[in-house]
Amino acid sequence: MNTEQGTDISKAAALLTADELVAIPTETVYGLAGNALHEAAVCKIYAAKNRPAFNPLILHISGIDQLSKYAMVDPISALLAAQFMPGPLTLLLPKKNIVPDITTAGSNKVAIRVPKHPLCLELLHSIDFPLAAPSANISGYISPTTAAHVVAGLNGRIPYILDGGTAAVGLESTICEVLHQKIIVHRTGGISADELQQVSSLEVVLANNQKTVETAGQLKSHYAPNTPLYRGDISDLIACNPGKNIACISFQKTYEGVENFVLSPSGNLAEAANLLFATLRMVDAGNFDLICTELFPNKGIGPAINDRLGRAQFLHK
Ligand code: TXA
Ligand code: MG
């Protein structure tokens, strides 16, 4: 299959209407989209990215007025939606029957978001169905923040990439759920826990994400480069690996004797988040023996950066 790239919304809409797949830009990362209500299209998504069938997909809708078509919306979730949608927040809600089981991998809950990207919103307004869209990478690899990243993983597997430029946030959406009078954060992301906390008096808690897929976005090894990645005190990691060709991905500092990739010399976490995945891909394409990185400050989007780097670490199988 020939993979084309462009900004033709009617072409994207026509392909999606015919149950074909299209990679779409969002403000977080690129998504691999198909009609969320058609099993045939959803099957193609799992196949194209080698995604395990037990890992459910997020529904992308054109606006919060569409939420109640696909899910039961409690009052606090409605408040969160009003505050943060469109934007990098995904709500986990009890699903309605119109959403096929394959889209939620058999779960009776559905994850829904309204992406904040003009091309993507225009596309969603031009079709009359929601889009199921996981990140547009081969399962387990680093999420794409440009059309070129999508090509690198999915070229020849999908007919069209809607090119919306570089993703503004660069990390995936925050996934949360209102449960037992708490706001549970299943995956940290573009909206911080502090921002969620400002919307209601309910306690915001981070889910214990060591567990399983039961908790969204939490496969243990994920976002992983092929080059071994270690996290810790970078100076110590360098000292422990003499003679190795090392790439350091740091927040602000540079180190001697290695290739430095500083994500934000001025100490801006949003800038660091925005560059993280592109930098990981670039480093992975270089000839490094290993990647050294560190813990980022634990505020704002910092926990989401730390979560992704934690999952990108080299695991001895
Ligand atoms: O920013 C994002 O959320 C991007 C863009 C494309 O929208 N999408 C994204 O999708 O990151 P994906 O599939 O790569 O990650 C979504 C995570 C998965 O880990 C999945 O397990 C979880 O959301 N998820 C989706 N539906 C769920 C459900 N019904 N119950 C529990 N977890 C769910
Ligand atoms: Mg993903």
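Read the numbers this way: they start at 1 and go in the same order the structure lists the ligands and their atoms. For reference, positions follow the sequence shown, starting with 1. Bear in mind that the values here come from a model prediction, so they are computed numbers and not experimental data.
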[X] versus ligand 1: do any nitrogen or oxygen atoms come within less than 3.5 Å of each other?
| X | answer |
| --- | --- |
| Ser107 | no |
| His60 | yes |
| Ser173 | yes |
| Thr26 | no |

Residues in ring-ring contact (aromatic ring centres under 6.0 Å, His included) with Phe277, at least two apart?
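For Phe277, the residues satisfying ring-ring contact (aromatic ring centres under 6.0 Å, His included) (neighbours in sequence not counted) are Tyr223.
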Can you tell me how far the [atom1] atom of [X] sits from the [atom2] atom of [Y], to the nearest 0.5 Å?
| X | Y | atom1 | atom2 | value |
| --- | --- | --- | --- | --- |
| Asp163 | Thr166 | CG | OG1 | 8.5 Å |
| Leu37 | Thr103 | CG | OG1 | 7.0 Å |
| Met85 | Ser77 | CE | OG | 8.5 Å |
| Leu275 | Thr145 | CG | OG1 | 8.5 Å |

Taking the side chain as every heavy atom from C-beta outward, state whether Ile45 and Leu57 have any atom pair closer than 4.5 Å.
yes
Any side-chain heavy atom of Pro115 within less than 4.5 Å of one from Glu27?
yes
Using a heavy-atom cut-off of under 4.0 Å, does the side chain or the backbone of [X] touch ligand 1, or both, or neither?
| X | result |
| --- | --- |
| Arg187 | side chain |
| Arg113 | side chain |
| Glu27 | neither |

Pick, from [options], the option with the minimum heavy-atom distance to [atom].
| atom | options | value |
| --- | --- | --- |
| atom 1 (O) of ligand 1 | Leu171, Asn55, Ile24, Thr28 | Thr28 |
| atom 31 (C) of ligand 1 | Ala33, Pro56, Ser139 | Pro56 |
| atom 14 (O) of ligand 1 | Ser135, Gly189, Ala23 | Ser135 |

Which atoms of ligand 1 sit under 4.0 Å from any heavy atom of [X]?
| X | answer |
| --- | --- |
| Gly31 | 6 (C) |
| Glu172 | 1 (O), 2 (C), 11 (O) |
| Pro134 | 10 (O), 12 (P), 13 (O) |
| Ala111 | 25 (C), 26 (N), 27 (C), 29 (N) |
| Ile175 | 17 (C), 23 (O) |

All heavy atoms of Leu89 vs all of Arg113, minimum pair found to be O-CB, 3.2 Å
Dump the intermediate steps for salt bridge (Lys or Arg N to Asp or Glu O under 4.0 Å) on Glu177 and Lys182, then the final yes or no.
CA-CA 8 Å; Glu177 178 181 18; Lys182 289 188 173 136; over 6 Å; no
So does Gly232 get a backbone contact from the side chain of Glu294, meaning a donor-acceptor N/O pair under 3.5 Å?
no
Please find out if the Mg ion (ligand 2) and some N, O or S atom of Ser135 are separated by less than 2.8 Å.
yes
